[in-house]
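The sequence lines fix the lettering, A, B, ..., with proteins before strands; numbering per chain opens at 1.
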2 protein chains.
Amino acid sequence: MGSVNIKKLALELNLSAATVSRALHDSYEISTETKQRVWALAKALNYQPNHFASNLRQQKSMTIAVIVPEVANNFFSQAINGIEEIARLHDYHVLIYQTHESTEKEIALIKRLLSGRVDGILISVASNANDSEHFKELITQLPLVFFDRLYEDIEAITVTTDDYESAFNATQHLVDCNCKKIAYLQALNNLSTGKKRLAGYLDALKNNGIISDEALIIKNCDDENKNYEQVKGLLITHKPDGIIASIEDLALPCYYACNDLNLNIPADVKIVSFSNLKTAPLLKPSLTTITQPAFQIGKEAATILFSVLNKKDIQPNETKVLKSTLMIRESTGMG
Amino acid sequence: MGSVNIKKLALELNLSAATVSRALHDSYEISTETKQRVWALAKALNYQPNHFASNLRQQKSMTIAVIVPEVANNFFSQAINGIEEIARLHDYHVLIYQTHESTEKEIALIKRLLSGRVDGILISVASNANDSEHFKELITQLPLVFFDRLYEDIEAITVTTDDYESAFNATQHLVDCNCKKIAYLQALNNLSTGKKRLAGYLDALKNNGIISDEALIIKNCDDENKNYEQVKGLLITHKPDGIIASIEDLALPCYYACNDLNLNIPADVKIVSFSNLKTAPLLKPSLTTITQPAFQIGKEAATILFSVLNKKDIQPNETKVLKSTLMIRESTGMG
DNA sequence: CTGTTAGCGCTTTCAA
DNA sequence: TTGAAAGCGCTAACAG
């Protein structure tokens, strides 16, 4: 709180506060000479504008909020990176909040944000999503863009990836590798993201005349150990020769379980996972991944949000779908 | 901007704005009955206080800033996670900024933050640190805590890990594994973090009667490919049997180079890296790591910052040093 | 081109 | 226990 404010500058320069304010904003109404004087003194005294005052006055905050389930997640941290880049371009600040996959925290957060604290929101919703009620009011009050994870019953701007197609292609890839029994590790069951991935898997099977089997579909749960036990049980009981992990965290138990059961990847069982893990190629053996363009998604979502904030004409339910990349890395499993 | 404000509540309740404000803050001066009425209406109309107005008035922002080199980094994203947890406990908001390892961006940022936008700052400085001048002013104006990466010439509160000891122990570990020629991949050369790690390595060598060799020390550069080439060159020319990577990103070129040169890890060369990579145990072969308690560091740093904000008695140069963990994972290199 | 005035929404004296 | 009034720092309308 450098107590040097506009009033002080005005006093020192024998000008009015209004003139100083205008000069600082490089207004066309102010003479070059006056501007120079103001700028010089502002610099000399290291004047820093008080954002709260100007926000209060202008009813805008030059701040956006990003709400994600977790920051410590390869996808989200990269997306935030992209968002941050665009925000800086617009001289905006970025508030980051985590829901830790809890809708309750999401609701509490959104309530807090309705106070005009931010001009817009970028959100990827919590996985235990059930009730989208809290968004109904929100979207009438604040520009909002959903990225990656969204509520289907809310008409809003969304930036997602080709979840259906990429799961479909991944499954087809396993079929092409002669897998006969392809299991699926399901997550985000409540969200369109999860539903589409599952649908892609199921349709790809059907397309190849393979009858899907409920027993080959494992539902993710919060407990890491339980996930591990489930996958291990699956491998023992049903001996699948292919597995699709619908989120990164579910690929890990596959590796551990295969190791414990002396199963060879990919000789005995091939694994494909949705993942933004940088070191996927270095895993033992390399993990074949469906990689979402996280950084790009962040950039796109932020760009659209700023278009709305700047009143560019954007459809209120504009949807952008980016492409994921299937990175096939099959090794013999011996190396 | 729910246009329901204190004035509106006051009008509706036939009270003055002052009374409503006091009631909302549960002031002892207000009758229970009035409080009840105010709370009821506030809830009914979904009143949300305007932070900017109250911040302006109270000269505090209920917001802290976190400045990190990158969000998409296993250490920093986990640290942010810890910070966020503590901030929520105190009902504070968290602004996140990235410097992308550029001191210039750091300086620009800090200037922006001097406007009273935040009540305190948690920072891990950019790696090309050279000039700490911009902090000299900052620390006189705002409570600030350095975590992990700091400027040595600034008297400030710091939360770090045992960089010297952990590098020392890692080197000793390699010596104990019969390594005779231990290389070091140096990073963060300008920072105490990097200097201490290097010193730990050098002292451990000396302690074992091993003469250190400049040629075995490779300096990190921004270019990934160049790092790879350097490491490859090191392996070809000097054939080290042990390598310490002082940051996670430098472990990767080791893996790639060894692979290209048909060198077996750890049979031909053992690798230890500072790293917070969750999948380190799954790498081909497993990576032995020095893991910093990132989440804990974030929590500690934030906790100390809030102690300062709440005027608890804290030494102006309190330093906290947490312990890293050496996670040894040696495999035959055949699996 | 510059100044005057008013007010953003809230909190805090001071007075009743 | 409540109200009136002032002001945090800034900017926008209006006037000159």
Side-chain angles (χ1 to χ4, degrees), chain A residues 1-39 41-42 45-63 91 112-119 141, chain B residues 1-39 41-42 45-63 91 112-119 141:
Chain A
M1 233 77 61
S3 53
V4 38
N5 53 22
I6 283 195
K7 228 184 196 161
K8 196 163 193 167
L9 296 183
L11 204 72
E12 201 103 355
L13 292 164
N14 261 41
L15 288 169
S16 73
T19 304
V20 173
S21 173
R22 279 184 285 233
L24 289 170
H25 288 271
D26 202 7
S27 158
Y28 67 96
E29 314 174 277
I30 303 296
S31 73
T32 323
E33 198 207 319
T34 306
K35 280 184 192 169
Q36 303 289 0
R37 288 178 59 218
V38 171
W39 293 342
L41 187 67
L45 299 187
N46 191 22
Y47 164 77
Q48 297 295 337
N50 182 315
H51 279 275
F52 298 119
S54 76
N55 293 342
L56 178 59
R57 181 61 230 246
Q58 303 194 124
Q59 305 288 29
K60 62 187 289 217
S61 64
M62 299 297 282
T63 306
D91 249 303
R112 276 219 292 175
L113 292 178
L114 272 177
S115 57
R117 192 146 193 352
V118 296
D119 296 342
Q141 312 226 5
Chain B
M1 232 76 63
S3 52
V4 39
N5 54 22
I6 283 195
K7 227 177 184 168
K8 196 164 193 167
L9 296 182
L11 204 71
E12 202 103 353
L13 293 163
N14 261 39
L15 288 170
S16 73
T19 305
V20 174
S21 172
R22 278 185 282 237
L24 289 170
H25 288 271
D26 202 6
S27 158
Y28 66 97
E29 313 173 278
I30 303 296
S31 73
T32 323
E33 198 207 318
T34 305
K35 280 184 194 168
Q36 302 289 2
R37 287 177 60 218
V38 171
W39 293 342
L41 186 67
L45 300 187
N46 191 22
Y47 165 75
Q48 296 295 338
N50 182 314
H51 279 274
F52 297 119
S54 74
N55 293 343
L56 178 59
R57 184 59 226 245
Q58 303 193 123
Q59 306 287 29
K60 62 186 288 218
S61 65
M62 299 296 281
T63 305
D91 251 302
R112 277 220 290 176
L113 292 177
L114 271 178
S115 56
R117 191 140 195 354
V118 295
D119 296 341
Q141 311 226 6

Report the C-alpha distance between B:S21 and B:L24 in whole Å, list the side-chain angles of each, state the deciding distance to 0.1 Å, and finish with yes or no for side chain to side chain contact (heavy atoms under 4.5 Å, CB included). CA-CA 5 Å; B:S21 172; B:L24 289 170; 5.7 Å; no
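Look at CD on B:Q59: it is 11 Å from P on C:dT12, rounded to the nearest Å. Computed from coordinates, the B:N55 CG to D:dG7 C1' distance equals 16 Å when rounded to whole Å. Distance CZ (A:R37) to C1' (C:dT2): 12 Å, rounded to an integer number of Å. Rounded to whole Å, atom P of C:dG9 lies 17 Å from atom NZ of A:K60. Atom C1' of nucleotide C:dG3 and atom CG of A:L13 are separated by 15 Å, given to the nearest angstrom.
Checking side-chain atoms of A:D119 against main-chain N and O of A:K60 turns up no donor-acceptor pair under 3.5 Å. Here the side chain of B:W39 pairs no donor or acceptor atom with the backbone of B:D26 at under 3.5 angstrom.
Phosphate contact (OP1/OP2 of D:dG9, side-chain N/O of A:Q48, threshold under 4.0 Å): absent. Contact between the side-chain N/O atoms of A:Y28 and the OP1/OP2 oxygens of C:dT2 is not found at any separation under 4.0 Å. Contact check, A:S54 against D:dC10: no side-chain N or O comes under 4.0 Å of OP1 or OP2. Contact annotation: A:T34 side-chain N/O to C:dC1 OP1/OP2 distance is not under 4.0 Å. For the pair A:N50 and D:dG9, the criterion of a side-chain N or O lying under 4.0 Å from OP1 or OP2 is not met.
When each of B:N14 and B:A53 is assigned the nucleotide of DNA chain D bearing its nearest heavy atom, the one mapping closer to the 5' terminus is B:N14. Toward the 5' end of DNA chain D, the nearer of the two residues B:L56 and B:E29, judged by each one's closest nucleotide, is B:E29.
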Sequence neighbours excluded and cut-off under 3.5 Å, please list the side-chain donor-acceptor pairs for residues 6-18 of chain B, or say none.
residue, atom, partner, partner atom, Å
B:S16, OG, B:A18, N, 3.4
B:S16, OG, B:T19, N, 3.2
B:S16, OG, B:T19, OG1, 3.0

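B:A23 and B:I30 get closest at one heavy-atom pair: N-CG1, 4.0 Å. Nearest heavy atoms, A:Y47 versus A:N50: OH-N, 4.5 Å. Among all heavy-atom pairs drawn from B:V118 and B:S61, the shortest one is CA-OG, 3.3 Å.
Looking at the side chain of A:L15, the nearest of the listed nucleotides C:dG3, D:dG3, C:dG9 is C:dG3. Side-chain proximity of A:I6 to the nucleotides D:dT11, D:dG3, C:dT11 is greatest for D:dT11.
Here A:Q58 lies in heavy-atom contact (under 4.0 Å) with sugar-phosphate atoms only.
Atom OG of residue B:S27 and atom NZ of residue B:K35 lie 6.5 Å apart, to the nearest 0.5 angstrom. Here the straight-line distance linking atom CZ of A:F52 with atom CG of B:L56 works out to 9.0 Å at 0.5 Å rounding.
Consecutive Watson-Crick or G-U pairing (both distances under 3.5 Å) extending over three or more pairs maps onto DNA chain D as C:1-16 with D:1-16.
Taking every heavy atom of residues 19-27 of chain A and every atom of DNA chain D, pairs under 4.0 Å involve A:S21, A:R22, A:H25, by number.
Summarising the local packing, CD of A:E29 is surrounded by more than 12 heavy atoms from other residues, nucleotides or ligands at distances under 6.0 Å.
With sequence neighbours excluded, the residues forming a salt bridge (charged side-chain N to carboxylate O under 4.0 Å, His left out) with A:R112 are B:D91, listed by chain and number. Judged as a side chain to side chain donor-acceptor pair (under 3.5 Å), and not counting sequence neighbours, the contacts of A:T63 are B:R117.
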Considering only nitrogen or oxygen atoms on both sides, find all protein atoms under 3.5 Å from nucleotides 5-7 of chain C and state each distance.
residue, atom, partner, partner atom, Å
C:dG7, N2, A:R57, NH1, 3.1

